[in-house]
Amino acid sequence: MTLTIALSKGRIFEETVPLLAAAGIVPAEAPESSRKLIIGTNRPDVQLVIVRASDVPTYVQYGAADLGIAGRDVLIEHGGVGLYQPLDLNIAKCRMMVAVPEGFDYEDAVRHGARLKVATKYPQIAREHFAEKGVHVDIIKLYGSMELAPLVGLADAIVDLVSTGGTLKANKLTAVEHLLDISSRLIVNQAALKLKYPTIQPVLDAFAGAVPA
Ligand SMILES: Nc1ncnc2c1ncn2[C@@H]1O[C@H](COP(=O)(O)OP(=O)(O)OP(=O)(O)O)[C@@H](O)[C@H]1O
Ligand SMILES: O=P(O)(O)OC[C@H]1O[C@H](OP(=O)(O)OP(=O)(O)O)[C@H](O)[C@@H]1O
């Protein structure tokens, strides 16, 4: 029985390589330098499928992949249906923040009941946050480069991921609220966990033992 693991290119793949190694799995090639979407490994019974970060939960939900690694941001937006989430891998760590242009008095706007235009790739997380605060917002869904939106008048604020703060700084934005701490989690298709338990459990154990501090 083949074990299929869904991963995204970039930081998740890079930070997953040591975890795979702990489970005795070595990718046959690097996705960055290959156009292949199915990548073999040193183990004939394990293959990797390379998908968009936000598509990882969907592949695992429907059983097209048995395991996957996805950010908490992506998992909240997906909803987590059909997924078992046994392990926080403590990789791809960042924070979900509200940010506004430097000089914009966000607290004052909120206090005065202003209606804010908020650009984000994370409409569920943003909607819930502002609903809890009782702030009226118009959510504008974007797929990337959120930091641009306030600079060109598309939005008053953004909800986005911040790590070093370099992107905010380069675009003269400042973080005004911290919504969530984000890291990536191992996700498992619930049916696959039962059917492929003897193959999956050792991988889960190896990952658990290799989680970075
Ligand atoms: N600057 C960052 N530092 C650390 N982790 C991050 C950072 N940005 C995003 N992440 C985390 O890594 C995950 C994957 O991000 P990545 O940039 O590889 O994909 P993406 O471009 O956001 O996804 P998609 O391809 O679906 O647009 C995110 O879901 C998030 O959990
Ligand atoms: O605080 P920093 O260290 O600057 O990181 C924050 C940036 O990282 C993420 O983008 P990413 O690098 O994933 O680019 P992408 O959205 O174009 O994939 C996020 O959307 C921010 O733009």
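Predicted model only: the values in this text are computed from it and were never measured. Atom set for the values below is all heavy atoms of this structure, side chains included, hydrogens, waters and symmetry mates excluded. Numbering of ligands and ligand atoms starts at 1, following listing order.
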* To do: With rounding to the nearest 0.5 Å, note down the distance linking CG in Asp88 to CD in Gln85.
  => 10.0 Å

* atom 22 (O) of ligand 2: nearest protein contact (heavy atom, Å) -> Glu147 OE2, 2.7 Å

* Asked: Could any protein non-hydrogen atom be found less than 4.0 Å from atom 9 (C) of ligand 2?
  -> no

* Asked: Heavy-atom count around Lys169 NZ within 6.0 Å, excluding the residue itself: above 12?
  -> no

* Asked: Does atom 13 (O) of ligand 2 have a protein heavy-atom neighbour under 4.0 Å away?
  -> yes

* **Lys121, any N or O under 3.5 Å of ligand 2 N or O** => no

* Near Tyr106 OH, under 6.0 Å, is it more than 12 heavy atoms from other residues, nucleotides or ligands? -> yes

* Structure fact -> Nearest non-hydrogen contact to atom 3 (O) of ligand 2 from the set Thr164, Thr167, Asp73 belongs to Thr164

* Please work out whether any backbone atom (N, CA, C, O) or any side-chain heavy atom from C-beta onward of Leu168 is under 4.0 Å from ligand 2, and answer side chain, backbone, both or neither. => neither

* Structure fact -> atom 17 (O) of ligand 1 has as its nearest protein heavy atom Arg11 NH1, 2.8 Å

* Structure fact -> Only residue of Asp156, Asn171, Ile158 satisfying side chain to side chain contact (heavy atoms under 4.5 Å, CB included) with Pro150 is Ile158

* Asked: Who's the nearest protein heavy-atom neighbour of atom 18 (O) of ligand 1, and how far?
  -> Lys9 O, 3.8 Å

* **Close approach of Lys169 to ligand 2, heavy atoms, under 4.0 angstrom** => no

* If we only count heavy atoms from C-beta on, is the Thr120 to Leu142 side-chain gap below 4.5 Å? -> no

* Scan Leu67, Ile187, Val188, Ile200 and name whichever one has a side chain to side chain contact (heavy atoms under 4.5 Å, CB included) with Tyr84. => Val188

* To do: Give yes or no for whether the N/O distance cutoff of 3.5 Å, strictly under, is met between Arg72 and ligand 1.
  => no

* To do: Tell me, yes or no, whether the heavy-atom count around His178 atom NE2, taken from other residues, nucleotides or ligands under 6.0 Å, exceeds 12.
  => yes

* Lys93 heavy atoms, cut-off 4.0 Å: which ligand 1 atoms fall inside? -> 3 (N), 4 (C), 5 (N)

* **From Gly165, Ser8, Ala92 - option closest to atom 11 (C) of ligand 1 by heavy atom** => Ala92

* For Gly10 and ligand 1, answer yes if some heavy atom of the residue is under 4.0 Å from a ligand atom, otherwise no. => no

* **Sub-4.0 Å protein heavy atom next to atom 5 (O) of ligand 2** => yes

* Is the shortest N/O to N/O distance between Leu161 and ligand 2 below 3.5 Å? -> no

* Structure fact -> The atoms of ligand 1 lying under 4.0 Å from a heavy atom of Val74, numbered in the order shown, are 29 (O)

* Test item: Val46 and Thr2 side chains (from C-beta on) under 4.5 Å apart, heavy atoms -> no

* **Asn42 (side chain) donor-acceptor with Pro27 (main chain) under 3.5 angstrom** => no

* Asked: Is there a protein heavy atom at a distance of less than 4.0 Å from atom 17 (O) of ligand 2?
  -> no

* Asked: Do any N or O atoms from the side chain of Asn189 and from the backbone of Gln61 form a donor-acceptor pair under 3.5 angstrom?
  -> yes

* Structure fact -> So the atoms of ligand 1 within less than 4.0 Å of a heavy atom of Ser54 turn out to be 26 (O)

* Asked: For ligand 1, which atoms, with element, lie under 4.0 Å from some heavy atom of Ile182?
  -> 31 (O)

* Which of the atoms in ligand 2, numbered in the order shown and given with their element, are less than 4.0 Å from a heavy-atom of Asp160? -> 19 (C), 20 (O), 21 (C), 22 (O)

* Side-chain (Arg115) to main-chain (Asp138) donor-acceptor, under 3.5 angstrom -> no

* Determine, stepwise, if the pair Thr199 / Asp45 fulfils side-chain contact (heavy atoms from CB on, under 4.5 Å). => CA-CA 9 Å; Thr199 315; Asp45 62 335; 4.1 Å; yes

* **Thr174 side chain near Val100 side chain, heavy-atom distance below 4.5 Å** => yes

* With atoms numbered from 1 as shown, which atoms in ligand 1 lie under 4.0 angstrom from a non-hydrogen atom of Arg52? -> 24 (P), 25 (O), 26 (O), 27 (O)

* Starting from atom 29 (O) of ligand 1, find the nearest protein heavy-atom neighbour and note its residue, name and distance. => Asp73 OD2, 2.8 Å

* **Gln47 side chain vs Ile39 backbone, donor-acceptor pair below 3.5 Å** => no

* To do: Identify, for atom 23 (O) of ligand 1, the protein heavy atom at the shortest distance, and state residue, atom and that distance.
  => Ala53 CB, 3.3 Å

* Which of the numbered atoms in ligand 1 are below 4.0 angstrom from a heavy atom of Ser163? -> 1 (N), 2 (C), 3 (N)

* Might you confirm whether atom CD of Glu128 has over 12 heavy atoms from other residues, nucleotides or ligands at distances under 6.0 Å? => no

* To do: Identify, for atom 13 (C) of ligand 1, the protein heavy atom at the shortest distance, and state residue, atom and that distance.
  => Ile12 CD1, 3.8 Å

* Is there side-chain contact between Lys121 and Met146, with heavy atoms separated by less than 4.5 Å? -> yes

* Under 4.0 angstrom from ligand 2, any heavy atom of Gly144? -> no

* Asked: Which ligand 2 atoms, with their elements, are less than 4.0 angstrom from a heavy-atom of Val162?
  -> 1 (O)

* Going by the order shown, which atoms of ligand 2 are within less than 4.0 Å of some heavy atom of Gly166? -> 1 (O), 4 (O)

* **Cationic tip of Lys194 above Tyr197 ring, under 6.0 Å, 45° of axis** => no

* To do: State whether the side chain of Glu15 and the backbone N or O of Ile91 hold a donor-acceptor pair below 3.5 Å, judged by distance alone.
  => no

* To do: Look at atom 20 (O) of ligand 2 and say whether a protein heavy atom is found at less than 4.0 angstrom from it.
  => yes

* Asked: Just distances here: any N/O of Ser145 and N/O of ligand 2 closer than 3.5 Å?
  -> no

* **Nearest non-hydrogen protein atom, atom 22 (O) of ligand 1** => Lys121 NZ, 2.7 Å

* Which atoms of ligand 1 are found less than 4.0 Å from any heavy atom of Gly71? -> 31 (O)

